[in-house]
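These numbers were taken from a predicted model, which means no experiment stands behind them. Numbered from 1 within each chain, the chains take letters A, B, ... in sequence-line order. FYI, side chains are in, hydrogens and waters are out, and symmetry mates aren't considered; it's all heavy atoms of this structure.
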Number of protein chains: 2
Amino acid sequence: MDATPPRHLSARKKPRQARSATTVEAIFEATIQVLLREGIHRLTTTRVAERAGVSVGTMYQYFPHKQALLYALNERYLDLVAERVEAACQAQHGAPTKAMVEALVTAYWEAKTERSEVTRALYRSAVELDNEALIEAFARRMDAATIAMLKSAPDAVYANLDLVNVTLLSVIFGTVRNVFERNLPASQQVAIRHQLTIMCLSYLEMSAGKAEPGAPGCA
Amino acid sequence: MDATPPRHLSARKKPRQARSATTVEAIFEATIQVLLREGIHRLTTTRVAERAGVSVGTMYQYFPHKQALLYALNERYLDLVAERVEAACQAQHGAPTKAMVEALVTAYWEAKTERSEVTRALYRSAVELDNEALIEAFARRMDAATIAMLKSAPDAVYANLDLVNVTLLSVIFGTVRNVFERNLPASQQVAIRHQLTIMCLSYLEMSAGKAEPGAPGCA
DNA sequence: TCAATATATGAAGGATCATTCGTTTTCGGG
DNA sequence: CCCGAAAACGAATGATCCTTCATATATTGA
């Protein structure tokens with residue numbers, strides 16, 4: 001995320017040699033592993049270092065403290081998700097509303113559930129982390145991406161685009177998280193995802209001043 | 001919640017005298033306060049006891065360990081929310097779908113945001129807590145309540161009630177949480193809540209085999 | 001090959017916590 | 001009023017953790 005991190009959370013120094021880049025990567029990976037296998041209350045600098053195959057001291061060369069590590073981890077993750085959603089949105093510029101909704105739901109849903117354990121681990125790591133700035137920046141990026149997409153729709157014009165957009169995103173993001181955390185069987189997840197798409201589409205159609213010439217309607 | 005708690009999380013003993021009931025209540029209250037003022041990583045048995053005006057030892061007479069305290073706290077809270085939603089649902093038996101949706105969204109939304117700091121504190125406390133059973137029980141209660149309500153609708157029959165219902169709940173619960181955590185300005189929250197209601201209603205109408213005799217439709 | 005710089009090490013300091021248990025205080029029934 | 005049970009107390013224990021820093025090793029460019 002491009003949010004300037006709170007000063008106390010910024011990374012200590014940037015890797016200059018190749019091996020240190022490897023190290024940092026290993027540390028990130030190890031953090032996720034520990035988070036998954038041990039839970040957040042057993043997420044220890046020592047344990048992370050051990051699993052990463054480096055010493056604690058090394059960790060502290062790149063992250064001034066544990067919080068900074070978690071912050072950076074979340075930053076990376078949100079960045080990935082944001083990029084995917086943005087790409088999906090751009091790909092649908094000028095497409096019909098239905099395609100837009102499907103692409104949006106699919107992109108976000110898959111970004112979150114593809115490596116669901118990682119997502120879960122990060123949800124946990126984010127608690128008690130001063131990451132409001134991160135969330136805020138993520139929200140803004142998503143807002144911008146979907147607003148631009150919706151504006152380009154050939155079959156709809158929204159009188160209250162901002163509100164419609166923020167509602168749409170809240171519903172999609174919230175639902176994904178909720179379904180995700182309830183850990184429902186995969187088949188049910190797929191079904192709900194489909195329903196969600198239908199629901200959002202219906203919402204958008206309802207909110208749009210329709211511009212479709214031969215709109216199917218009353219006979 | 002009526003979920004049998006994992007054995008290791010059940011309370012140690014039940015208050016027999018009046019003063020101990022007071023004590024337990026004070027401990028619960030103190031836990032919330034500490035959670036709010038200090039955050040979860042500073043939620044200490046000592047600190048809780050101190051704020052409750054009792055000694056640590058006293059705490060351990062009612063809760064075998066910290067986790068059990070947090071578990072009990074969440075249990076209490078979910079119970080309250082569940083009761084309110086259940087009441088709202090029962091009050092709408094036989095009412096038109098629109099009234100149902102409005103009541104459901106309102107009940108859940110208000111239960112969560114009325115004392116929003118408490119809700120926030122509890123979301124935090126629930127991380128790394130073995131509370132799947134709690135969530136599960138809550139979900140079941142909600143499912144039962146809303147299914148019963150929807151079945152009683154005079155103006156709709158749902159071919160796929162279970163799916164429609166689980167979708168509805170996922171969307172509402174998820175959206176509330178998402179809006180809640182983004183901490184949007186109150187005015188925007190109200191607006192989104194209204195949109196959410198509209199959206200859900202539209203979804204239900206769309207999913208229903210309509211039974212309304214003089215359905216307003218094509219001229 | 002040789003400094004200068006970057007990276008890695010890990011034992012030890014200092015601090016915080018969860019939990020126990022021997023003791024003291026309070027309550028309530030007889 | 002008195003005694004056994006209930007409730008409360010809180011210092012001490014043992015464990016875990018974050019973070020530092022003096023030292024060692026690796027890399028790079030000249």
Side-chain angles (χ1 to χ4, degrees), chain A residues 7-31 34-35 37-73 124-125 127-130, chain B residues 7-31 34-35 37-73 124-125 127-130:
Chain A
R7 199 175 295 101
H8 62 107
L9 285 180
S10 52
R12 181 161 276 174
K13 77 178 182 191
K14 300 209 166 169
R16 294 172 194 269
Q17 300 181 357
R19 63 176 162 159
S20 59
T22 310
T23 299
V24 169
E25 186 54 39
I27 291 174
F28 279 139
E29 203 47 53
T31 308
V34 173
L35 225 29
R37 284 170 175 61
E38 315 257 5
I40 197 173
H41 73 279
R42 306 210 63 199
L43 181 84
T44 290
T45 48
T46 318
R47 255 187 278 270
V48 169
E50 189 184 19
R51 179 155 227 111
V54 301
S55 78
V56 217
T58 296
M59 259 201 50
Y60 277 86
Q61 228 153 18
Y62 301 100
F63 306 98
H65 44 246
K66 228 176 87 171
Q67 279 218 337
L69 168 63
L70 294 179
Y71 188 91
L73 194 62
R124 287 176 173 186
S125 81
V127 178
E128 284 296 303
L129 185 62
D130 187 10
Chain B
R7 198 175 295 101
H8 62 107
L9 285 181
S10 52
R12 181 161 275 173
K13 78 178 184 191
K14 300 210 165 167
R16 296 173 192 267
Q17 300 182 0
R19 63 177 161 158
S20 59
T22 310
T23 299
V24 169
E25 186 54 39
I27 292 174
F28 279 139
E29 203 48 52
T31 308
V34 174
L35 224 28
R37 283 170 176 61
E38 314 257 5
I40 198 173
H41 73 278
R42 307 210 63 199
L43 181 83
T44 290
T45 49
T46 317
R47 255 187 278 270
V48 169
E50 190 184 19
R51 180 155 226 110
V54 301
S55 78
V56 218
T58 296
M59 257 201 51
Y60 276 87
Q61 228 153 16
Y62 300 101
F63 306 98
H65 44 247
K66 228 175 87 171
Q67 278 217 337
L69 168 63
L70 294 179
Y71 187 92
L73 194 63
R124 286 175 174 188
S125 81
V127 177
E128 283 298 301
L129 185 60
D130 187 10

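- Between B:Glu50 atom CD and C:dC17 atom C1' the separation is 14 Å, expressed in whole Å.
- Candidate nucleotides C:dA8, D:dT19, C:dT19 were compared by shortest atom distance to the side chain of B:Thr45, and C:dT19 ranks first.
- Mapping A:Gly57 and A:Arg42 onto DNA chain D via the closest heavy atom, the residue that lands nearer the 5' end is A:Arg42.
- Looking only at distances, no side-chain donor or acceptor of A:Arg124 sits under 3.5 Å from a matching main-chain atom of B:Val127.
- As rounded to whole Å, 13 Å separates atom P of D:dC17 from atom CD1 of A:Ile40.
- Distance OG1/B:Thr45 to NZ/B:Lys66: 7.0 Å, rounded to 0.5 Å.
- Neither OP1 nor OP2 of D:dA6 sits under 4.0 Å from any side-chain N or O of B:Ser20.
- Rounded to the nearest 0.5 angstrom, A:Ile40 CD1 and A:Ser125 OG are separated by 6.0 Å.
- Protein atom CD of A:Glu38 is 13 Å distant from nucleotide atom P of D:dT16, rounded to whole Å.
- In this structure, A:Ser55 does not reach the C:dA8 phosphate: none of its side-chain N or O atoms is under 4.0 Å from OP1 or OP2.
- Aromatic pair A:Phe63/A:Phe28: ring centres closer than 6.0 Å.
- In this structure, the CD atom of B:Gln61 is 13 Å from the C1' atom of C:dT23, given to the nearest Å.
- Remark: B:Thr23 is in phosphate contact with D:dA8, judged by side-chain N or O atoms under 4.0 Å from OP1 or OP2.
- Out of C:dT19, C:dA8, C:dT9, the shortest distance to the side chain of A:Val54 is found at C:dT9.
- In this structure, B:Tyr60 does not reach the D:dC9 phosphate: none of its side-chain N or O atoms is under 4.0 Å from OP1 or OP2.
- The separation between A:Arg19 atom CZ and D:dT25 atom P is 13 Å, rounded to whole Å.
- For B:Tyr62, counting side-chain heavy atoms from C-beta on, the closest listed nucleotide (D:dC9, D:dA7, C:dT19) is D:dA7.
- Counting any heavy atom pair closer than 4.0 Å across all strands shown, A:Leu43 reaches sugar-phosphate atoms only and no base atom.
- Comparing B:Ala18 and B:Val56 along DNA chain C, the residue whose closest nucleotide (by nearest heavy atom) sits nearer the 5' end is B:Val56.
- Formation of a donor-acceptor pair under 3.5 Å by the A:Thr58 side chain with backbone atoms of A:Val54 is not found in this model.
- Taking atom NE2 of residue A:His65 and atom P of nucleotide D:dC18, one finds them 12 Å apart after rounding to whole Å.
- Between A:Arg47 and the phosphate of D:dC17, there is a side-chain N or O to OP1/OP2 separation shorter than 4.0 Å.
- Within the 4.0 Å cut-off from OP1 or OP2 of D:dA7, not a single side-chain nitrogen or oxygen of B:Thr58 is found.
- The listed nucleotides are D:dA26, C:dA18, D:dT19; the one nearest the side chain of B:Thr44 is C:dA18.
- Atoms CG (A:Leu69) and P (D:dC18) sit 11 Å apart, rounded to a whole Å.
- One interatomic measurement links the two molecules: CE of B:Met59 to C1' of D:dG10, which rounds to 14 Å at whole-angstrom precision.
- Remark: A:Glu29 CD to A:Ile27 CD1 distance equals 12.0 Å, nearest 0.5 Å.
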